[in-house]
Amino acid sequence: MIRANDNFNKLKASYLFSDIAKRVDEYQQNNPGTQIIKLGIGDVTRALVPAVIKGFHQGVDEMANDATFRGYGPEQGYLFLREKIAKYDFQSRGTDIEADEIFVSDGAKCDTGNFQELFATDIKVAIPDPVYPAYLDTNVMAGRTGEFKEGRYNGIVYMDCLKENNFLPELPKEQVDLIYLCFPNNPTGSTATKQELKIWVDYAKENNALILFDAAYESFIRDKELPKTIYEVEGAKQVAVEFRSFSKTAGFTGTRCGFTVVPKECMIFNSKGEKVSLHAMWNRRHTTKFNGVSYPVQKAAEAVYSIEGQLQVKEQIAYYLNNADIIRNTIKSLGFDYVGGKNSPYIWVDGQDRDSWDFFDLLLNRASVVCTPGGGFGRCGNQYIRISAFNSFENVTTAMDRIKEALK
Ligand code: PLP
């Protein structure tokens, strides 16, 4: 008898964004003609920049000619892209990450979800609350949790991120083996300084633990003091893997490209307590299960690092950050507490005594604006909503005018 993986039964039946879509559809049906403004799902709205399109076209043109056509490429990514990443994203910041420590992929969702495959089922996993759901759900699928009760899975060590701790996870009281961190954070938009990250690096070193650091929103950091990569923290190369994405950095959500940094000096332990190279394990996993990102997409990603590419993507990030400023200012003027939006496209708004779905419904019904209810990211999000800066300036301005009117 073919039997199912029963761990899937433990997953929460509904998915946050499909629940939102259902409510939005219902509202639209009852209010035909109303223009709904979506500041919910964190998807970019602006077109790929001209330099990227040029690189993309070049890649396509090469595929159209026998002399330059490419079939299967290296699973880890073409060296032309890995070298640019190493140079511009890491070595330029004084971190000595090499091209062969970079694994190009079709995005950070797959990598953050797949990476847990390398670890034993009975390790202790620490996950922030609220959290980007892929970290948690993939550990549920892998059988690392018990049942879901009162908003939490048994077996996971949750790290509450609240106003009281500045939305920064604190060291867990019990010893953990795997720690998920994400800065700038989705959903809260909070950031961590080098000193704050050092606490985690030191913890991981002392406890033979590993940090999975998601830096998908790194390009939104404007504060010069904040680290753009965890490898700016001394010793992090021994205990941290970093996930990056071109999705938000350069508008690749539909084009698909990201990468994961697995330093060669990063070691984990087998059941005998012997050191095992994480780099070798991920290389084996990646080359066995993945056949590389398409050549034109890698050419498009390479173009992000050209002089024009850099200018153009920075302008695009500035555009979204300007939207974030408008949102922050509106929220502040209405007297709500918030975090994020300074070095992040997300603003995490405290609804005070309101439940996050009630706040969501209020904004939808009174302002025709869609946000994301914080409860969908974890129990600690129950009184928050996430507002995203990914939309046009005009739509963000209109949405904020409507919210001001609705909540005054
Ligand atoms: N990590 C975080 C924290 C995200 O918010 C997202 C997307 O929203 C991803 C990863 C996924 O990125 P990608 O589009 O590269 O799969």
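All ligand and atom numbering here is 1-based and tracks the order in the structure.
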Any [X] heavy atom less than 4.0 Å from ligand 1:
X    : result
F243 : no
T253 : no
G258 : no

For ligand 1, the portion of F246 having any non-hydrogen atom under 4.0 Å away: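 Neither part.
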How are the rings of [X] and [Y] set relative to one another: parallel (under 30°), tilted (30 to 60°) or perpendicular (over 60°)?
X    : Y    : answer
W357 : F360 : perpendicular
F246 : F259 : tilted
Y203 : W200 : perpendicular

[X] neighbourhood, listing ligand 1 atoms whose heavy-atom distance to it stays under 4.0 Å:
X    : value
N186 : 3 (C), 4 (C), 5 (O)
G107 : 15 (O), 16 (O)
S247 : 13 (P), 14 (O), 15 (O)
R256 : 13 (P), 14 (O), 15 (O), 16 (O)
C182 : 3 (C)

Min side-chain heavy-atom separation T188-F167 under 4.5 Å: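 Yes, side chains in contact.
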Which protein non-hydrogen atom lies closest to [atom], naming both residue and atom, and how far is it?
atom                   : answer
atom 9 (C) of ligand 1 : Y132 OH, 3.3 Å
atom 8 (O) of ligand 1 : K248 NZ, 2.8 Å
atom 2 (C) of ligand 1 : D214 OD2, 3.3 Å

Stepwise ring pair (Phe, Tyr, Trp, His ring centres under 6.0 Å) check, F269 with F119: CA-CA 9 Å; F269 303 88; F119 312 117; over 10 Å; no
Worked verdict on T145 versus K10 for side chain to side chain contact (heavy atoms under 4.5 Å, CB included): CA-CA 9 Å; T145 72; K10 297 174 194 160; 4.0 Å; yes
Closest non-hydrogen atom pair between P296 and F56, with its separation: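 Closest approach of P296 to F56, heavy atoms only: O-CD2, 3.5 Å.
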From CA spacing to verdict: salt bridge (Lys or Arg N to Asp or Glu O under 4.0 Å), R366, D358: CA-CA 12 Å; R366 288 222 220 133; D358 291 344; over 6 Å; no
Heteroatom distance test (A108, ligand 1): nitrogen or oxygen, under 3.5 angstrom: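 Looking only at distances, the answer is yes, because the N/O contact criterion of under 3.5 Å is met.
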N/O donor-acceptor pair under 3.5 Å between R93 side chain and E232 backbone: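 Here the side-chain-to-backbone pair does not exist.
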